[in-house]
Amino acid sequence: MGLQPKGATVRGQILLGKDDIQAMAPRARRRLNGQRVSLISQDALSALNPCTTVGYQIAEVLMVHRGVAKQEAMARAVELLSLTGIPAPSERVNHYPHQFSGGMRQRALIAIALALEPELLIADEPTTALDATIKAQILTLLASLRERFGMSILLITHDMGAVARLADRVLVMYAGQAMEVGDVASVFARPEHPYTRALLESMPRLDKHGALLEAIPGTPPSPSEVAHGCPFQPRCAFAGDICREQMPPAVERSNGGHVACHFALREMNYA
Amino acid sequence: MLSLVHSNDSIKPRSEIPLLETSDLTKTYSIGGGMFYEPLQLQAVSGVSIRVEKGRTLGIVGESGCGKSTLSRMLAGLTPPTSGSILLDGCDVTGLPNAERKRVLRDVQMVFQSPYSSLNPRMRVAEIVREPLDVHMRSLSKKERDERALSILNRVGISREMARRYPHQLSGGQQQRVGIARALVSEVRLVICDEPVSALDVSVQAQVINLLRELQRSLGVAYIFVSHDLAVVANISDDIAVMYLGKVVEYGRAEDVLQRPRHPYTQALVDSANIPDPVLEKSRKPRILTGEIPRPTDPPSGCRFRTRCWMAQDRCAVEVPALVRRGNSPQAVACHFA
Amino acid sequence: MTEAVARAISALRLNRAVLAIALIVLAILVALAITGDALAPMDPAQQSLRARLKPPGFEGRTGIHWLGTDAVGRDILSLIVAGARPALLVSGLAVALAGFIGVLVGMFAGFRGGRMVDLLLYITNIQLAFPFFLLAVTIVGIVRPSVSLVVFVIALGCWVPFARIAYSETMQIVEQEYIEAVHVMRGTTFRILLRHVLPNILPNIIVLATFALGTAIVMESGLSFVGLGVPTRTPTWGKMLSEGRDYMQTAWWLTVFPGFAIFLLVLSINVCGERLRDITDPKLMGR
Amino acid sequence: QKTVARVALSGGLDRLDPIMSANGTDLVVMTQIYETLLKLDPKTGELKPHLAEAYRLKSPTVWEIKLRKGVKFHDGTPLTAADVKYTIERILNKDLASAHYSQLTTVSEVRVIDDYTVEIETKKPDPVLMRRMQPIGGSGRVFIVSKAYYEKHSPEELTNLPMGTGPYKLGKWEKGASLTLVKNDSYWGDAPDVDEGVFTFIPENSTRVNALLQNEVDVIQRLPIADVERVKKSSNAHVVASPNGLVHTLLLDSSKPPFNDLNVRKAFAHALDTEEMVEGLLGEYGRVLGVPMGPNVLQFDSSIKPYEHNPELSKKLLQGKTPIKLNTFTSDGRYVNDRDFYQVINEQLKQVGFEITPQTLEWGRFINMMQNRSGGPFYIIGWDFGEGDASKMNSFLQSSSALSVTQDPEYDRLVTMAGEETDEAKRTEIWKQVQKYVHDQYFVAAVWQASSLYGFSNKFDWVANFGENLALSEFKTVKQ
Amino acid sequence: MIRVFLRQSVLGLLVVLSALTVTFVLVRFSGDPTSIILPQEATEEQREVLRQQLGLNESLPAQYLTYLGNAAVGNFGRSYFDSEAVTSIVIRHLPNTLVLAGASLALACLFAIPLGVLAAVWRDGVIDRFVQVVAVTGASMPSFWVGLLLIQIFAVGLNLFPTYGTGSPAHLILPAITLAIYVFPSLARLTRSSMLEVLPQSYVMAARAKGMPEARVIGRTVLRNGMVPVLALLALEIGNLIGGAVLTETVFAWEGIGRLAITSIQRRDFPVVQGVVAYVAVGFVFVTMAAEIAIRLVNPKLRHK
Ligand SMILES: Nc1ncnc2c1ncn2[C@@H]1O[C@H](COP(=O)(O)OP(=O)(O)OP(=O)(O)O)[C@@H](O)[C@H]1O
Ligand SMILES: Nc1ncnc2c1ncn2[C@@H]1O[C@H](COP(=O)(O)OP(=O)(O)OP(=O)(O)O)[C@@H](O)[C@H]1O
Ligand SMILES: [Mg+2]
Ligand SMILES: [Mg+2]
Ligand code: NI
């Protein structure tokens, strides 16, 4: 979204539809934010301005981008709040964020993100700070809104369950590198990257309760260590010499998608 | 409440005295208040009765703010309960004079949620782990104490070299190991783990859980394992207590509670836990609770869950359901319709 | 363009140079304070009515008065040298006293909490808001000025920030789980405060003490300026300033130099304080 | 066009009730509004009639005073004998705590003979009483107030609304900011040059001088010596000096150790180089005196010389004694360069072996300690000898006096004798004896007189005869 | 809000009471005032009469109670010197101090707040450096010295302003600058650090993500949230300002209560000293109360408590 802090260098290309975002003028890019792309940021508890009412924060988007009059914008804010499942929205618009519970704040953030009916909604860990029952509510809400607005969702999370629930395709990252990408069903059922597999197996599961977990040894690397080769190599059970020297190239997965591993786990490894 | 003790008895054979047993434990906080304010009363924990057998693990789950930490703090002797009793080896700790209580409670230690903030940033790892010995094993020489600290550190996988470091020079998982080592360095019998893995990276969580399980096997300590993550609790616990707004709503053997949850809240909780299986996840229709957790300063009358419950009826608003075994259920449930 | 200028100014080397100068100035002034007037070029008490109010560079019987002479012909430079001791001594003692009391009170308040603490906080709040210098002047003015009274009054004016920092930090630290851990291992309050709380608040206290020292020096010189400073054989810097006021038109060096001495001392202390703060403030770590 | 003189005083005004106030700046303003019965001749120092036409000693204890006719108060009522009686009796009313009470304690009765004749009876012969009926000097000024006016107003009102017979009357008084006097058109005497006087208050020396030089004011009181050169050099102002300023006395507390020992006093006095000190700090505006009184005093004995600077003698006198420790208290800003004087004195004392711990005190506390005799063992106090009589010395040397640190029966005996002697010649003789005695006893270690200095804009000029007494009515406008 | 008000009032009363007590005790043990009031030559007899009048012969507790009783109705007696009622003296001097404090606070805010904001927004930029340097330097200069230097340069040297006194706006300029220099550092730094605290908050990032123009982000989101502590400091700063005014007023012969306090102390005019301290204490209780309420009004979190 063009919000990197100073000092960050960005390489590569971001295409939205056919437009290259990197190449856009700052003004145009700003207009893009909210209109075509929206963000629900990681910590819902502090992403709302404590000094203005929730309603105004929603309305503000419409006022600035669409030039809608304040009254009208506030009315729309009420609609949006009710859309995200907040009870008594016409009262709630005039409340301040601290009067909202965590789940409600997350809903309010979603309402802001939806205000301009964007094509793409980036949800950065929308549920991590929330309780299990509320988390389920939000995921369901996101799913239903996706249908309703016909938008795409980019869900960023470490909750494999949430991915299973909501996502169609999945990209697994480790230390800033893409490890594996493919459609959810196949990646989860047959992970070809050792990291993906280890991750899935180390998660405690309700349906396999009591079983000893397959822990991934070692610790995640600190991003400042510039390592050669595959970043997962120090913790990988399958690593060979080549992994230390060379970052594996992405290769085609057997069921579609790509995987970046010298020893991608093919059928035969699942013996 | 008699029935409650009865129901507990049904879980474990009556014969031996449990390591820890609480009855009707309640904690009320007064919040706000000042020279001119009437303080608000907040029942963080309300009438909780649980028991932990030697060498076994009791898991406690519940949503944020339901009183898990308050309960663990009471059990660890950090917070005095407002009412109710805590029996350690059948001996009531709450009534004991200060010095005596301190001596008795030595057997109980704690592992904390935040690996970093549970270690003093200005002390070296070895010192941190040695400190419990400094406090109440003064009879040992410093050298002996050092040795013991290093040996337990070794057990949790911290090398001698790492023991010389400061906490911030360790990774989160290593820090949590240090926290575990500190809890186990003196002869303890019960370790209370308050969300010991929630602050850890997913890939490290499993290491710590496994470590705890392995240490239990070799040292024979009992755990009270608190978490909001049902899957994590399920993995490590023998028994599970499910809490909602300060009350235990379902209590029994882990497999009973997980596989055949009787309380509607437990059912919702089990349902809302996502399973990393896309086929299953996309096909199943989980039960989604409506509404939010009520404010603990003014909990709903009667059954505290009724505001979010799909089975709630008029009766629930009036009558507080007792935590008892109902019908043929092996576990105790606090619901009129279980 | 501005970017380039900014970079030039902010260049680490410049910062280092400033810090080095500050440290050198401070070291010199501390050395002067320790040795008393032994390092003064002339006897600061030596008067000469024939050489009164002479401008800087005047050559008198006993040598060149680099910074001129005052109304009774004393050498200003020597007086400034002699003034370093009272300036640092009084403010140092005051800050030490204030720090001790403030940290003690703050630590216990932060540990205990409760109603009395609310009251204490309120009082410190009012004291922070209250024009303390007015009260200081009143107290010293009504009672007779003496070293202990001035130290006491300045300490009274400086203790609040110590108490507040100690209080808020202690309160935060006591919430930390490593303190809980000590509770769980049944460690004593004494152990908690001394082994766990104090080492953690100490860096901030030291930083605060540095700044408080600067404030105390200014406060002391202010009291001296209105004639309520500590009695000393030769005038303190603040007193020199007030004595020089009558000659402002005719002998500017009487007011400019002692004031500059205060400024230099406080500035170098503050610069060192800034640096210390940068070092200890975890928010700025790794910057 | 009106001639306006803007005067900057060195301090603020307190109360303009001549019965109550003896504050120096108050007096400056009050002397323009109120008048006394008599005046001094600046040349001869003799008493001359003013509101009184004539006076005589009817019997050794009774003075008869004839009042001038045709004098009117500002409110138009004529001045009569009843006003004089009222004034003196009001001063003597103990409940009022008048500032001038102590000067009139010898009066036993005031009688109105007719509208223009008063008789004052004293308890015992008081030859100096009439000297206290003139406006110059310490606090003996008996300004005549209007009986009718005083009886009509409360004491608080009287402090704010002065009303007398003088050449000026109160225009406007903005407390703390300024006070305006306007010419009294129905004044009985000669009309003054200046139509209006505006008084402002600037205690800070240098700011006062700046105000003069920048033409913000026309006249400043207490021009600091340090700024004399500046004023002289400036194109728009000049210095007016009167040699009869305050007589500064360095009093030794001879009632207590260490100064109850004559040798110590002697050592002290000879340790000081008063000549150099006065020369250095006051220059041409100071003079060293041998006895504690001004040369304008009728009985002044010019044959007595100041103590000479003889540190060797001092050291010899102190030899064998344990070093004498002196906690000295100094005033700052009360007198001309007093702080510097103290510093020099302290240093000179150190040279002969006294151990000095100096401490600066505010004037109020200083006086307080002096009265309790708990202060330092020596003091500098300035006295106005404007009235021209030696009896002023009693204020600081007679044992019954509040500020006296001398308790000497011989002195007391001599001055009592002098006080009751009505024959001028004999009185003078006794006072000479007293002066010799005081000198020999070293009660006062040093005496110097500082000129009273004023800064005047070139628009005005004035001949300052009587030190501190600024007289607006005597200002002359200068044609430029 | 009412509760906050009540609480503040009770505690405020306590503060005023202690200020009164401290001055009473100090004054009562500092010697006999008759020697201050009466002329040098006064007799013991006269002194006794005066003591009677001042009520100094009563027992201490009785004197204390009378004193408190009088203070409660704003009667601090009369000045020893001009027998004017203390209250009217204080009231006469107060406007001058308020004008000076107001002018310098406005001046300081005018520079400190925008500079502080810019310093934070362009952290480590030229403005930031400049503010830092000025702040450290300013905080190290004794205000009375600054005053003396300003007089030396602008009044004496360049003859631009009058050197002393109260009155025209020209008189106000130098003391106001002096005092503004005195408060500028803390104000600028607080603004800066408070802005720095707000800038990395996620709601600022969220505002940008919403596509709000940068000016709106800084103006609405950052400033509003950052100004709360600055407002709180401003209240504290007023106290600081009056403290600084004591010296500044002395240097510039500004007829305010600071100078009144100093001159009264120097000539030991105790009723006036007591009056000044008491009134200033009352003033500060009100200022803190007002600040407390203002902060609550600005910050919705506290408003709903
Ligand atoms: N502003 C920044 N400056 C420097 N390093 C940064 C900055 N923001 C992020 N990083 C580093 O970049 C790496 C990736 O950060 P990022 O926030 O994308 O992680 P994440 O996958 O979202 O993690 P989380 O699950 O904790 O949200 C981290 O190591 C982080 O420390
Ligand atoms: N010291 C305290 N004073 C007042 N209220 C408290 C205190 N400690 C906890 N509470 C309240 O008691 C309730 C239970 O808190 P507790 O910390 O036990 O919850 P929890 O189940 O541990 O939640 P989480 O999962 O967030 O850790 C909460 O509503 C909390 O606000
Ligand atoms: Mg993230
Ligand atoms: Mg918790
Ligand atoms: Ni590819």
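Only this structure's heavy atoms are used, side chains among them; waters, hydrogens and symmetry mates stay out. No experiment lies behind these values; they were computed from the predicted model shown. Chain letters run A, B, ... following the sequence lines, proteins first and then strands; every chain starts at 1.
Heavy-atom distances place the side chain of A/L139, and not its backbone, under 4.5 Å from chain B. The parts of A/S202 that come within reach of chain B are both its backbone and its side chain, each placing non-hydrogen atoms under 4.5 angstrom from that chain. Proximity to chain A is limited to the side chain of B/D201, based on heavy atoms less than 4.5 angstrom apart. A/I216 touches chain B through backbone and side chain together, each having a heavy atom under 4.5 Å away. Both the backbone and the side chain of B/Q207 come within contact range of chain A, judged by heavy atoms closer than 4.5 Å. Within the 4.5 angstrom heavy-atom criterion, atoms from both the backbone and the side chain of A/M104 approach chain B. Proximity to chain A involves both the backbone and the side chain of B/E255, based on heavy atoms less than 4.5 angstrom apart. With a 4.5 angstrom heavy-atom cutoff, A/A198 does not touch chain B via any of its atoms.
Note: A/V184 leads A/L199, A/L166, A/V184 in heavy-atom pairs under 4.5 Å with chain B. Ranked by heavy-atom pairs shorter than 4.5 Å toward chain A, the options B/I288, B/N210, B/V61 are led by B/N210. Chain A forms the most heavy-atom pairs under 4.5 Å with one residue out of B/S64, B/S171, B/S237, B/G62, and that residue is B/S64. For the options B/L258, B/V208, B/L280, heavy-atom pairs under 4.5 Å to chain A are most numerous at B/L258. For the set B/L269, B/I293, B/L230, B/I236, the count of heavy-atom pairs under 4.5 angstrom toward chain A peaks at B/L230.
Between B/V233 and B/G59, the shortest heavy-atom contact is CG1-CA, 3.7 Å.
In this structure, a donor-acceptor pair under 3.5 Å is present between the side chains of B/D194 and B/S69. Judged purely by distance below 3.5 Å, without hydrogens or angles, the side chains of B/E250 and B/T266 pair a donor atom with an acceptor atom.
Atom CD in B/E63 sits 10.0 Å away from atom NE2 in B/H228 (nearest 0.5 Å).
When ring centroids are compared, B/H263 and B/F305 come within the 6.0 Å threshold.
Both tests do not hold together for B/R308 against B/Y265: distance to the six-membered ring centre under 6.0 Å, angle to the ring axis within 45°.
Between A/Y195 and A/H193, the ring-plane angle classifies as perpendicular under the 30° and 60° cut-offs.
Contact check on B/R262 versus B/D256 returns no salt bridge, with no Lys/Arg side-chain nitrogen under 4.0 Å from an Asp/Glu carboxylate oxygen.
None of A/T127, A/D159, A/T140 except one satisfies the side chain to side chain donor-acceptor pair (under 3.5 Å) rule with A/K135; the exception is A/D159.
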